[in-house]
Number of protein chains: 2
Amino acid sequence: MVDVCMVSVAKGRQQKIEHDECRHSGDISCVQPSYKQVEDFLLQADNLCIKRKQRFTDLRKQVLSLICRSEQPLGAYALLDLMKDAGRSAAPPTVYRALDFLQEQGFVHRLASNNTYLACAHPQQQHEAVFLVCKQCGATQELHTDGIYKAVESRAKKVSFKVEHASVEVVGLCAHCRAA
Amino acid sequence: MVDVCMVSVAKGRQQKIEHDECRHSGDISCVQPSYKQVEDFLLQADNLCIKRKQRFTDLRKQVLSLICRSEQPLGAYALLDLMKDAGRSAAPPTVYRALDFLQEQGFVHRLASNNTYLACAHPQQQHEAVFLVCKQCGATQELHTDGIYKAVESRAKKVSFKVEHASVEVVGLCAHCRAA
DNA sequence: ATATATAATGTTACATTATAACATTACATT
DNA sequence: AATGTAATGTTATAATGTAACATTATATAT
């Protein structure tokens, strides 16, 4: 099994590359896995759980799968609805616990600006990310760029603040919606 | 009336400077107004409202005042409690509308990471800010630094994303809590 | 294999955050 | 004073999230 990283290498075009190749440089934009890549993504999560001695249960797999297949980040209650549609009706704590697990494993991110969850483009490693949230269509891109976090770290250091988690959420218009 | 900008020029020390002097360079950290500066802050907001032909009503003034006087960012329901304590009992829509107004005028910021509101260190001008939220004591600093936003803009531009609002919220430990 | 401990999930109830919709009051302008 | 608009009051409810405890599934040791 090879780690898989979904990247968009040019406008709209997506390419699956191996983890070793993915250096998170400033020149690629990492995005949510496309529908066809979901299976790879779930397999990868599965392998990471084995490696980390974590249990990738049916519930967790289902929640992650639903998030992956969504075009947009999903809220907890939207997930509950989708689970009901899929024949598994659950109460809020169930989905919140699954989401907590998936976040701890780095498989999903939570967007504080709109209370939603989306699949992480790079489950292999811990990282910070920048999210570009289109206020029109809701589509959200995950960018990786050292520059922003280095700037944050540097500023925090000046006031002796110990950074644990930096969340950068950018609301605006995506390329597609700008054109339309 | 002179625009007033609250800055911390060294560890813990605060100084009130005139707006013209405040260039938001990377070397100063802008913080919430201290208790003694609240009156100046409210006066400043009042003047800005006059200039902008906006109504700085009692309600809005009271909400802003409570936020200013708080050591920490306040949630909407904490504000409601404080208003009740002050003899004005209000329902949620009342305080949310006041908060909307204060945000529109740039007098307060909302922190999405913990659903709270805090006074803006620079009500004079529209700006983006970085918030350092101490997860222990809740104290929150507002930093201004072009570097981070330039980095965000630059990365967004590469994917043709039009930035409207960038929120940077950093959770960690403040200098004080690290020492203790 | 069975007992035991632990982790995960189910379930109920409720806490917290936020808004819709409509009534009333205050204010600005004529 | 009449009128229109903005602000606030009020009621009800939506949306988001969690505490507490019961049950089920899994891992580990015996």
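Protein chains get the first letters and strands the later ones, always in sequence-line order, with residue 1 at the start of each.
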Is there a donor N/O on one and an acceptor N/O on the other, under 3.5 Å, for the side chain of B:Tyr77 and the base of C:dA18? yes
B:Arg88 side chain to B:Gln62 backbone, donor-acceptor under 3.5 Å: no
Interatomic distance, B:Asp58 CG vs D:dA6 P [rounded to whole Å]: 20 Å
Indicate whether OP1 or OP2 belonging to D:dG9 is found under 4.0 Å from a side-chain N or O atom of B:Arg88. yes
Atom-pair distance (CZ on A:Phe56; P on D:dA27), nearest Å: 16 Å
Using a cut-off of less than 4.0 Å, is there contact between a side-chain N or O of A:Arg97 and OP1 or OP2 of C:dA8? no
Here the distance between atom C1' of D:dA7 and atom CD of B:Gln105, to the nearest Å, is 14 Å
Rounded to whole angstrom units, what separation is found between the CG atom of B:Leu80 and the C1' atom of D:dT10? 13 Å
Check this one for me: any side-chain N or O of B:Asn115 less than 4.0 Å away from OP1 or OP2 of C:dA18? yes
Is the phosphate of D:dA6, meaning OP1 or OP2, less than 4.0 Å from a side-chain N or O of B:Arg60? no
A:Arg110, nearest nucleotide to its side chain (from C:dT12, D:dG17, C:dA20): D:dG17
B:Arg55 vs D:dT5: side-chain N/O to OP1/OP2 distance below 4.0 Å: no
Using purine N1 to pyrimidine N3 plus N6-O4 or O6-N4 for Watson-Crick, or N1-O2 and O6-N3 for G-U wobble, both under 3.5 Å, which nucleotide pairs with C:dT30? D:dA1
Quick check on D:dA7: is either OP1 or OP2 less than 4.0 Å from any side-chain nitrogen or oxygen of B:Thr57? no
Rounded to whole Å, how long is the line connecting atom CG of A:Asp81 with atom C1' of D:dT16? 13 Å
Would you check if the side chain of B:Tyr149 reaches a backbone N or O of B:Ala129 as a donor-acceptor pair within less than 3.5 Å? yes
Round to a whole Å and report the spacing from CG of A:Asp100 to P of C:dA7. 16 Å
Salt-bridge criterion met for A:Arg110 and A:Glu104 (N-O under 4.0 Å): no
note: A:Phe101, atom CZ; C:dT9, atom C1'; distance rounded to Å ~ 14 Å
Indicate yes or no for a side-chain donor-acceptor contact from A:Arg69 to the backbone of A:Val38 under 3.5 Å, with no hydrogens or angles considered. no
Where the side chain of B:Glu169 meets the backbone of B:Ser113, is there a donor-acceptor pair that is under 3.5 Å apart? yes
Given C:dG10, D:dT18, C:dT17, which nucleotide is nearest the side-chain atoms of A:Tyr96? D:dT18
Without decimals, in angstroms, what is the distance between B:Leu59 CG and D:dT10 P? 12 Å
